[in-house]
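Below is one structure, written out as structure tokens, with a few remarks after it.
In this text the structure is predicted, and so the values were computed from the model without any measurement.
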Amino acid sequence: MRFGVFTPPGSRGNGGPFPILWCLAGLTCTEETFAIKAGAQRVAAELGLMLVTPDTSPRGEGVADDVAYDMGQGAGFYLDATEAPWAPHFRMKSWLLDELPGVIAAHFGGDLDRQSITGHSMGGHGALTLALSTPGRFRSVSAFAPIVAPSQVPWGQKALPLYLGPDPAAWAAHDAVALIDGGARVAELLVDQGLADNFLDSQLQPERLEAACAAAGIPLTLRRHAGYDHGYWFIQSFVEDHLHWHAARLAPR
């Protein structure tokens, strides 16, 4: 597994601890994509935030893959697979929640008492589901164009059965809307969505999250932006807002 870490200025003479913002990338991306394309480091430096950018899946010799872009390497969906041939390596949820945080704290000065999470597309799905399934773990959660109900849309209806088997109850543990409907809660959510996104109606369907949050009483700031598509120009346009939003919630108490 590979990951990227950005530490704010002063890290050479000051080993932290730094508040951590986990940045989860989308389908086909790697640990480099957010770091290269989002333009987040300048603002993170000003705010004193550490950015951690994990890869989207395991990779390498002997790791299962698929010829399609939305399955296998590059498409881990931030879950722990239970089905062959994926189960031996595709343990993204455990890696992100149980293994990598200790590495970040021990070797890079990350402060595990001050963590927040964000993500784009499949990474937005991961940010929402990881936060909803670990109450109190993350001080804040946001997303750019997230897959909010994968069990209800084609990407998830393909990946979830192959990774987790045929039981829809297993899929619900990795579906933000299903988790909220089942009682999972976070304090609040910030989501940005482009209205020129080619995947908006078929795969993303933010109105499902909007309805679930309204029913559950979760404060949701859902900002819809005319003219923006699914790409990183969209993220660059609004990432500063997200960093400031997370920094305010990661401030020392």
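- For Arg223, the CZ atom sits in a packed shell: over 12 heavy atoms of surrounding residues, nucleotides or ligands are nearer than 6.0 Å.
- In this structure, Val52 is not a member of the same hydrophobic cluster as Leu47, with clusters built from ILVMFWY side-chain heavy atoms closer than 4.5 Å.
- Between Leu130 atom CG and Tyr78 atom OH the span is 9.0 Å, to the nearest 0.5 Å.
- The aromatic rings of His230 and Phe199 sit perpendicular, their planes meeting at an angle over 60°, well past the 30° parallel limit.
- Surrounding NZ of Lys37 are at most 12 heavy atoms belonging to other residues, nucleotides or ligands under 6.0 Å away.
- Minimum heavy-atom separation, Ala127 to Gly119: CB-N, 4.0 Å.
- One N or O on the side chain of Arg139 and one on the backbone of Ala251 form a donor-acceptor pair closer than 3.5 Å.
- Put simply, the side chain of Leu204 reaches to within 4.5 Å of the side chain of Ile147, judged on heavy atoms.
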Chi angles and distances behind the salt bridge (Lys or Arg N to Asp or Glu O under 4.0 Å) call for Glu210, Arg224: CA-CA 12 Å; Glu210 194 169 37; Arg224 294 174 168 92; 2.9 Å; yes
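- Here the closest non-hydrogen pair linking Thr33 and Cys29 is OG1-CB, 3.3 Å.
- Within the 4.5 Å cutoff, the side chain of Thr53 has no heavy atoms near those of the Glu32 side chain.
- Between the side chain of Gln115 and the main chain of Leu112, a donor-acceptor pair closer than 3.5 Å is present.
- Between Ser116 atom OG and Arg249 atom CZ the span is 8.5 Å, to the nearest 0.5 Å.
- Criterion: ILVMFWY side-chain heavy atoms under 4.5 Å apart, direct or through other members. Under it, Leu250 and Leu190 are not part of a common hydrophobic cluster.
- The aromatic rings of Phe144 and His242 sit parallel, their planes meeting at an angle under 30°, below the 60° perpendicular limit.
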Verdict with reasoning, Phe90 to Phe77, per ring-ring contact (aromatic ring centres under 6.0 Å, His included): CA-CA 9 Å; Phe90 281 71; Phe77 278 87; over 10 Å; no
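- Of all non-hydrogen atoms in His174 and His125, the two that sit nearest each other are O-CE1, 2.9 Å.
- Trp155 and Leu27 make their closest contact through CE2-CD1, 3.7 Å (heavy atoms, listed as atom of the first residue, atom of the second, distance).
- For the pair Thr118 (side chain) and Ser142 (backbone), a donor-acceptor distance under 3.5 Å is present.
- Between Asp55 and Met1, the closest heavy-atom pair is CB-CE, 4.3 Å.
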Could you walk me through whether Gln193 and Asp197 pass side chain to side chain donor-acceptor pair (under 3.5 Å), step by step? CA-CA 8 Å; Gln193 175 63 61; Asp197 191 319; 3.2 Å; yes
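- Linking ILVMFWY side-chain heavy atoms closer than 4.5 Å, directly or via other members, places Leu51 and Val141 in two distinct hydrophobic clusters.
- Looking at Trp95 and Phe3, their side chains come closer than 4.5 Å, going by heavy atoms from C-beta outward.
- The shortest side-chain heavy-atom distance between Leu79 and Met92 does not fall under the 4.5 Å cut-off.
- For the residue pair Trp171 and Ser151, the shortest heavy atom distance occurs at CE3-CB, 4.1 Å.
- The environment of Asp167 atom CG is dense: over 12 non-hydrogen atoms of other residues, nucleotides or ligands sit within 6.0 angstrom.
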Intermediate values then yes/no, ring-ring contact (aromatic ring centres under 6.0 Å, His included), Phe238 and His225: CA-CA 10 Å; Phe238 302 104; His225 305 280; 3.9 Å; yes
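- Annotation: the span from Glu188 atom CD to Ile218 atom CD1 amounts to 11.0 Å, rounded to 0.5 Å.
- At a threshold of 4.5 Å between side-chain heavy atoms, the hydrophobic network of Ile, Leu, Val, Met, Phe, Trp and Tyr places Phe34 and Trp245 in two separate groups.
- Note on Val63: it clusters hydrophobically with Tyr163, by side-chain heavy-atom contacts below 4.5 Å among ILVMFWY residues.
- With contacts defined as side-chain heavy-atom distances shorter than 4.5 Å, the pair Thr56/Thr30 does not qualify.
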